[in-house]
Amino acid sequence: CISSAASDVYKRQHFVPGGELTQQVQIHTLYSDHHGWLRGWLGKKLGCTERAADLMHDTFLRLLTQDKLQNLQQPRAYLLTIARRVLVDHWRREQVERAYLEALAQLPEQYAPGPEEKYLILEILLDIDHRLAGLPVVVKHAFLHAQLGGLKQQQIADELGVSLSTVKRYLTQAYTQCYFALEAGG
């Protein structure tokens with residue numbers, strides 16, 4: 001940890017001409033002032049101090065990747081907002097990973113992918129999940145049945161217990177979402 005005198009020297013060295021602190025100093029200050037509190041909050045949510053430390057660092061990494069950090073009036077509220085998003089992403093990743101591993105367990109051993117292939121497939125699944133974020137679960141299921149399961153639209157309708165026109169609407173929603181996610185560079 002850095003003493004307050006050393007922190008003051010560090011801050012003086014990183015002022016920009018307009019009198020504003022650089023983003024690096026803002027993040028350093030946020031980290032030194034609030035990392036313990038944030039790790040404790042995440043620890044309570046996760047029940048695991050090691051995972052809490054990882055997600056606390058992920059929270060600060062998101063700060064580092066932002067273009068510009070606003071002048072924060074309520075730094076803990078701001079950190080909490082980012083940490084909640086990191087936490088949701090973590091839980092979503094765990095859910096996708098768990099479903100993938102359950103599906104792999106159903107395969108005969110000779111068809112199971114190797115470690116590298118497992119990792120790449122999981123990353124692709126997470127990317128698909130990210131692109132489909134915000135869509136209803138049934139729409140995601142229809143899309144996955146079509147794209148990954150290779151089912152025809154009528155088969156998807158039968159599987160989901162909906163009409164063929166509903167499946168067509170679901171797939172249009174999913175394709176549109178993917179299109180705009182790709183256009184946005186996401």
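Just so you know, these numbers come straight off a predicted model, no measurement behind them.
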Do [X] and [Y] sit in the same hydrophobic cluster, where Ile, Leu, Val, Met, Phe, Trp and Tyr count as joined when their side-chain heavy atoms come under 4.5 Å apart?
{"X": "Leu64", "Y": "Tyr31", "answer": "yes"}
{"X": "Tyr179", "Y": "Val139", "answer": "no"}
{"X": "Val96", "Y": "Val86", "answer": "no"}

*Which ring pair (Phe, Tyr, Trp, His ring centres under 6.0 Å) pairs, counting each pair once, include a residue from residues 36-56, with sequence neighbours left out?*
none
*So which pairs with a foot in residues 62-103 pass ring pair (Phe, Tyr, Trp, His ring centres under 6.0 Å), sequence neighbours left out?*
none
To the nearest 0.5 angstrom, please state how far the [atom1] atom of [X] sits from the [atom2] atom of [Y].
{"X": "Asp54", "Y": "Thr59", "atom1": "CG", "atom2": "OG1", "value": "10.5 Å"}
{"X": "Ile27", "Y": "Gln66", "atom1": "CD1", "atom2": "CD", "value": "7.5 Å"}
{"X": "Thr81", "Y": "Gln74", "atom1": "OG1", "atom2": "CD", "value": "9.5 Å"}
{"X": "Met56", "Y": "Leu38", "atom1": "CE", "atom2": "CG", "value": "6.5 Å"}
{"X": "Leu55", "Y": "Leu87", "atom1": "CG", "atom2": "CG", "value": "6.5 Å"}

_Determine whether Leu61 and Asp58 satisfy the following criterion, side-chain contact (heavy atoms from CB on, under 4.5 Å), listing intermediate values before the conclusion._
CA-CA 5 Å; Leu61 279 174; Asp58 289 349; 4.1 Å; yes
*Which word best sums up how the rings of His141 and His145 line up, parallel for under 30°, tilted for 30 to 60°, or perpendicular for over 60°?*
perpendicular
Least distance between heavy atoms, [X] atom then [Y] atom:
{"X": "Arg131", "Y": "Gln177", "value": "O-CG, 3.0 Å"}
{"X": "Leu171", "Y": "Ala146", "value": "CD2-CB, 4.0 Å"}
{"X": "Ala174", "Y": "Leu135", "value": "CA-CD1, 3.7 Å"}

Can you list everything that forms a side-chain contact (heavy atoms from CB on, under 4.5 Å) with [X]? Sequence neighbours excluded, please.
{"X": "Leu107", "value": "Leu104"}
{"X": "Thr176", "value": "Thr172, Phe180"}
{"X": "Leu144", "value": "Ile128, Leu148"}
{"X": "Leu30", "value": "His34, Phe60, Leu63, Leu69, Leu72, Pro75, Leu79"}

*asked:* Looking at Glu109, I want to see if its CD is surrounded by more than 12 non-hydrogen atoms of other residues, nucleotides or ligands under 6.0 Å.
replied: no
*Applying salt bridge (Lys or Arg N to Asp or Glu O under 4.0 Å), which residue pairs with at least one partner in residues 78-101 are found, sequence neighbours left out?*
Arg51-Glu94, Arg62-Asp89, Asp89-Arg92, Arg92-Asp129, Arg93-Glu123
*Any pair with a residue in residues 147-157 that passes salt bridge (Lys or Arg N to Asp or Glu O under 4.0 Å), sequence neighbours left out, goes on the list, sorted by first then second residue, please.*
none
*Please go through Tyr119's hydrophobic cluster and name the other residues, only I, L, V, M, F, W, Y counting, with side-chain heavy atoms under 4.5 Å joining them.*
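Leu120, which link up through side-chain heavy atoms under 4.5 Å apart, make up the rest of the cluster.
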Report all side-chain donor-acceptor pairs from residues 156-164 shorter than 3.5 Å, counting only partners two or more places apart or in another chain.
from: Asp158; atom 1: OD1; to: Gln154; atom 2: NE2; distance (Å): 3.0
from: Ser163; atom 1: OG; to: Ser165; atom 2: OG; distance (Å): 3.2
from: Ser163; atom 1: OG; to: Thr166; atom 2: N; distance (Å): 3.2
from: Ser163; atom 1: OG; to: Thr166; atom 2: OG1; distance (Å): 2.8

Hey, can you pull the donor-acceptor pairs under 3.5 Å for the side chains in residues 111-118, sequence neighbours left out?
none

*For Tyr175, what residues pass the side-chain hydrogen bond (donor to acceptor under 3.5 Å, both in side chains) criterion, not counting sequence neighbours?*
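By the side-chain hydrogen bond (donor to acceptor under 3.5 Å, both in side chains) rule, Tyr175 matches Gln147.
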